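To keep things clear, I will list the structure first and then write my remarks on it.
Keep in mind the model is a prediction, meaning the values are calculated, not measured. Just so it is clear, the values below take in all heavy atoms, side chains as well, and ignore hydrogens, waters and symmetry mates.
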Amino acid sequence: MPTAAQRLARVRALESLVRDIAREEILPRYLKSARSRKADGTLFTEADIESQRRFSAALPELLPGAVLGEEMSAEEQGRLWAGGRSGLWCIDPIDGTTNFANGIPFFAVSIAYLVDHEPRFGVVYNPITDESFYAAKGAGAFLNGTELPLRPAAAHLGDAVAGVDFKRISHHLGDELAVRPPFYSQRNFGSSALEWCFVAAGRLDVYLHGGQMLWDYAAGRLILAEAGGEAAALDGGSLMAGPAVKRGVIAAASPSLFTEWRSWVSAHS
């Protein structure tokens with residue numbers, strides 16, 4: 001088993017690769033890349049396709065394993081997941097494509113390396129702000145070399161700043177959150193991967209999203225866990241159930257705040 005120092009060295013090598021590809025494939029296309037729509041109606045751009053192509057070629061040279069990306073067919077994703085227990089890369093070349101396509105500087109590359117379908121290494125990088133969140137299992141989580149969290153979580157839910165995606169939760173729960181919010185304030189930024197990292201950093205205290213895919217949280221979930229936070233699927237199932245399953249997620253920056261937050265959401269769902 002690699003030491004913590006060896007694991008951190010590996011994730012820093014991954015971080016360096018992510019920075020290089022983002023600089024070469026994503027930043028030159030920012031504010032210039034035409035948008036297109038996939039069959040499910042979601043956006044993609046040339047930057048998504050070209051950066052995924054580069055990652056697919058480069059990542060297996062760092063650690064052995066196929067590359068499962070958002071920009072591939074569901075059939076291919078399922079095949080790679082089924083055969084990827086010994087090592088699998090899970091990537092979203094641009095998380096927050098709508099922000100990217102509209103010139104909103106809040107999007108990220110999200111890369112995770114899984115063994116036995118659990119994340120071992122994770123990097124989430126915003127090339128506009130040059131903020132790189134990364135973690136190695138059992139070795140901590142960091143933002144540009146500074147250990148996370150950056151600030152302590154709120155002591156109680158009433159003092160918390162929440163990240164909530166209202167459009168993907170039930171109308172009843174959304175009404176309860178809007179009319180009688182249990183927290184101090186609410187934000188939504190449009191990049192799931194970065195929102196997970198904001199909880200890990202202490203910029204958000206609690207988090208709720210009604211529908212995420214594996215690549216939305218594979219890296220962010222590890223970063224949050226290594227920063228001392230806690231997360232679960234809203235329905236009680238496994239977050240790592242595979243690429244075909246869309247999950248509601250709930251998270252908090254500390255275990256005690258997570259217990260309070262989940263109890264409130266359960267009582268008002």
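Neither Tyr184 nor Val164 shares a network with the other; the hydrophobic side chains, linked directly or stepwise wherever heavy atoms of I, L, V, M, F, W or Y lie under 4.5 Å apart, form separate groups for each. Linking Ile, Leu, Val, Met, Phe, Trp and Tyr residues whenever their side-chain heavy atoms come within less than 4.5 Å leaves Met72 and Ile94 in two separate clusters. No chain of hydrophobic side-chain contacts below 4.5 Å, direct or via other Ile, Leu, Val, Met, Phe, Trp or Tyr residues, connects Leu68 to Val18. In the hydrophobic clustering of ILVMFWY residues, with side-chain heavy atoms under 4.5 Å counting as a link, Leu208 and Phe183 come out together. Placement of Leu239 and Val245 in two distinct hydrophobic clusters is found when ILVMFWY residues are connected by side-chain heavy-atom separations under 4.5 Å, directly or transitively.
With Asp116 contributing its side chain and Glu118 its backbone, the two residues share no donor-acceptor pair below 3.5 Å. Distance alone, capped at 3.5 Å, places no donor-acceptor pair between the Gln186 side chain and the Ala162 backbone. No side-chain donor-acceptor contact under 3.5 Å links Ser266 to the backbone of Ser263. With hydrogens and angles ignored, the 3.5 Å screen pairs a side-chain donor or acceptor of Gln77 with a backbone N or O of Gly69. At distances below 3.5 Å, not a single donor-acceptor pair connects side-chain atoms of Asn102 with backbone N or O atoms of Ile104.
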Practice item. Run the numbers on Glu25 and Arg29 for salt bridge (charged side-chain N to carboxylate O under 4.0 Å, His left out), then give the verdict. Key: CA-CA 7 Å; Glu25 301 293 348; Arg29 294 179 168 92; 2.9 Å; yes
Exercise for review: Before giving the answer on side chain to side chain donor-acceptor pair (under 3.5 Å), spell out for Asp130 and Tyr125 the whole-Å C-alpha distance, their side-chain angles and the decisive distance to 0.1 Å.
Suggested key: CA-CA 7 Å; Asp130 194 35; Tyr125 178 58; 2.7 Å; yes
Exercise for review: Evaluate the criterion salt bridge (charged side-chain N to carboxylate O under 4.0 Å, His left out) for residue pair Arg19 and Glu15; output intermediate values, then yes/no.
Suggested key: CA-CA 6 Å; Arg19 287 177 179 272; Glu15 181 205 19; 3.4 Å; yes
Practice item. Under the side chain to side chain donor-acceptor pair (under 3.5 Å) rule, what do Asn99 and Ser191 come out as? Steps first, then yes or no, please. Key: CA-CA 8 Å; Asn99 285 352; Ser191 167; over 6 Å; no
Exercise for review: Walk me through it: do Gln212 and Trp196 pass the test side chain to side chain donor-acceptor pair (under 3.5 Å)?
Suggested key: CA-CA 11 Å; Gln212 292 187 353; Trp196 279 86; 2.9 Å; yes
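Considering only heavy atoms from C-beta on, Glu70 stays 4.5 Å or farther from Ile91 through its side chain. Counting only heavy atoms from C-beta outward, the side chains of Val206 and Val199 never approach each other to under 4.5 Å. Residues Arg23 and Pro127 fail the side-chain proximity criterion, which asks for heavy atoms closer than 4.5 Å. Side-chain contact between Ser51 and Glu24: absent, with no pair of heavy atoms (C-beta onward) separated by less than 4.5 Å. Residues Glu195 and Cys197 have side chains not in contact (no heavy-atom distance under 4.5 Å, counting atoms from C-beta outward). Between Phe121 and Ile111 the shortest side-chain heavy-atom distance does not fall below 4.5 Å. Contact of the His209 side chain with the Ile250 side chain is not registered, since no non-hydrogen atoms from C-beta on lie closer than 4.5 Å. Counting only heavy atoms from C-beta outward, the side chains of Pro182 and Trp261 approach each other to under 4.5 Å.
Residues passing the side-chain hydrogen bond (donor to acceptor under 3.5 Å, both in side chains) test with Tyr134: none are found, sequence neighbours excluded.
Nearest heavy-atom pair, Ala135 versus Leu222, reported as atom, atom and distance to 0.1 Å: O-CD2, 3.7 Å.
Other residues, nucleotides and ligands contribute more than 12 heavy atoms inside 6.0 Å of the NE2 atom of His172. Summarising the local packing, CZ of Arg262 is surrounded by 12 or fewer heavy atoms from other residues, nucleotides or ligands at distances under 6.0 Å. His268 NE2: more than 12 foreign heavy atoms inside a 6.0 Å radius.
Taken from CZ in Arg203 to CG in Leu143, the straight-line distance is 6.0 Å, to the nearest 0.5 Å.
Close placement of the Phe198 and Phe106 rings is indicated, their centers lying within 6.0 Å of each other.
Using the six-membered ring where Trp is involved, Tyr30 and Phe100 have ring planes that are tilted, between 30° and 60° apart.
Within the structure, the ring pair (Phe, Tyr, Trp, His ring centres under 6.0 Å) test picks out no pair touching residues 9-29 (sequence neighbours left out).
In this structure, Arg120 fails the cation-pi test against Tyr113, since its NZ or CZ atom is not both closer than 6.0 Å to the six-membered ring centre and inside 45 degrees of the ring normal.
No side-chain N or O of Ser192 forms a donor-acceptor pair with one of Asp95 less than 3.5 Å apart.
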